[in-house]
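Step one of this worksheet: look at the structure below.
Order of the sequence lines fixes the chain letters, A, B, ..., with proteins taken first and strands second; residue numbering starts at 1 for each chain. We use all heavy atoms of the structure for the numbers below, so side chains are in, but hydrogens, waters and symmetry mates are not. Quick caveat, the model's predicted, so the values are computed rather than measured.
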2 protein chains.
Amino acid sequence: MLRRTGSCSKPGTKACREKQRREQLNEKFMELSSVLEPTRTPKTDKSAILDDAIRVVNQLRGEALDLKETNQKLLEEIKSLKAEKNELREEKLVLKADKEKMEQQLKSMAVPSPGFMPSHPAAAYHSFLSRKLCFSIMRACQLE
Amino acid sequence: MLRRTGSCSKPGTKACREKQRREQLNEKFMELSSVLEPTRTPKTDKSAILDDAIRVVNQLRGEALDLKETNQKLLEEIKSLKAEKNELREEKLVLKADKEKMEQQLKSMAVPSPGFMPSHPAAAYHSFLSRKLCFSIMRACQLE
DNA sequence: AGTCACACGTGAGTC
DNA sequence: TGACTCACGTGTGAC
């Protein structure tokens, strides 16, 4: 692209304005080329610049489409992961409630009612064995 | 863009080849314009086409960047969700093991050792009460 | 009228 | 050399 840089010989002439118009067009060609290839020295071939522009726009459009599709799938995966997580949390809560209920029951068993007193030596010994058993259960149930 | 469509007056002339070259350039302008606006009637203004091309390329570049960034964040979120899910699953397994251990202990308590026989009526009555208590605990622990 | 964008043919430079 | 690309000034049609 030859460039007779500089202003017109006779300002106001039609030829001059036509020259300015060409210069503006060429500046836009350069700018487009710079945008298309931010790294390299801009091309000076108008046909090549137009070809590149067509190619790049199509390529970027496809890329954006792919990325949007991927985004959509990732969002769906997140949605399902959150659902699974909530399900696990609920199941965990149920199990925890079960466990606490069992512990509560065992604790109340370990402390007998005040009026309950074995009157016979054999009964007292049996009661001792029962309470010993209950504590061992509690130990087993608390699990560290 | 005025279009003197049709071939040259005198084929082979320089003027004719120059005309063909201009026509090729114009076709590329048209194609670029079509790519830029797939829906509308293509523009015929060369400056406007170049402006649009610059704008669209920049816009698509930014859009692609945003999408890639979003993708990255989504991937990280998925990663952390999976980690949280695994943690919940492990906690659930621990709770389940606890529960089963407690159930096992209670079940073995419910069946006393064969040599264990209360010798006195009061002791027998107390043993009866203990077993009754154990069964009620088991009912409570199994929880439907 | 006058302006605008384009087409045209030609001169000039490059490989 | 010849074919290519670009700049230039002008001609033309549309608004």
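- Each of C:dC6, C:dG9, D:dC6 was ranked by its minimum atom distance to the side chain of A:Asp45; first place goes to D:dC6.
- The nucleotide whose nearest atom lies closest to any side-chain atom of A:Lys14 is, among D:dT12, C:dC4, D:dG9, D:dT12.
- Distance, B:Gln20 CD to C:dG9 P: 12 Å, rounded to whole Å.
- Residue A:Leu50 comes nearest to B:Leu25 through the heavy atom pair CD1-O, 3.8 Å, listed as atom of the first residue, atom of the second, then distance.
- Among the candidates B:Lys85, B:Glu87, B:Lys92, the single residue satisfying the side-chain contact (heavy atoms from CB on, under 4.5 Å) test with B:Arg89 is B:Lys85.
- With salt bridges taken as basic N to acidic carboxylate O contacts below 4.0 Å, none links A:Asp98 and A:Lys101.
- For the pair B:Glu103 and A:Met102, the minimum side-chain heavy-atom distance is below 4.5 Å.
- A side-chain donor-acceptor contact under 3.5 Å links A:Ser33 to the backbone of A:Lys43.
- Here C:dA5 presents its C1' atom at 18 Å from NZ of A:Lys19, a figure rounded to the nearest Å.
- Comparing D:dT10, C:dG9, C:dC8 by their closest approach to the side chain of B:Glu18 singles out C:dG9.
- In this structure, B:Lys46 places its NZ atom 12 Å from P of D:dA7, rounding to the nearest Å.
- Salt-bridge annotation for B:Glu18 and B:Arg21: present, with a side-chain N of the basic residue lying under 4.0 Å from a carboxylate O of the acidic one.
- Clustering of Ile, Leu, Val, Met, Phe, Trp and Tyr side chains at separations under 4.5 Å places A:Leu88 together with B:Leu88.
- Put simply, CZ on A:Arg17 is 14 Å from C1' on D:dG11, counting in whole angstrom units.
- Between B:Asn26 and C:dC6 there is no side-chain N or O to OP1 or OP2 distance below 4.0 Å.
- In the helix from C:dG2-D:dC15 to C:dC15-D:dG2, the end axes, each obtained as the rotation axis mapping the C1' atoms of four pairs onto the next four within a five-pair block, lie 0° apart to the nearest 10 degrees.
- Atom CG in B:Leu25 sits about 7 Å away from atom P in D:dC6, given to the nearest Å.
- Per the geometry, CD belonging to B:Gln24 stands 17 Å off C1' belonging to C:dC8, to the nearest Å.
- Nearest to the side chain of A:Arg22, among D:dC4, C:dG9, D:dA7, sits D:dA7.
- Comparing C:dC8, D:dC4, C:dA5 by their nearest atom to the side chain of A:Arg21 picks out C:dA5.
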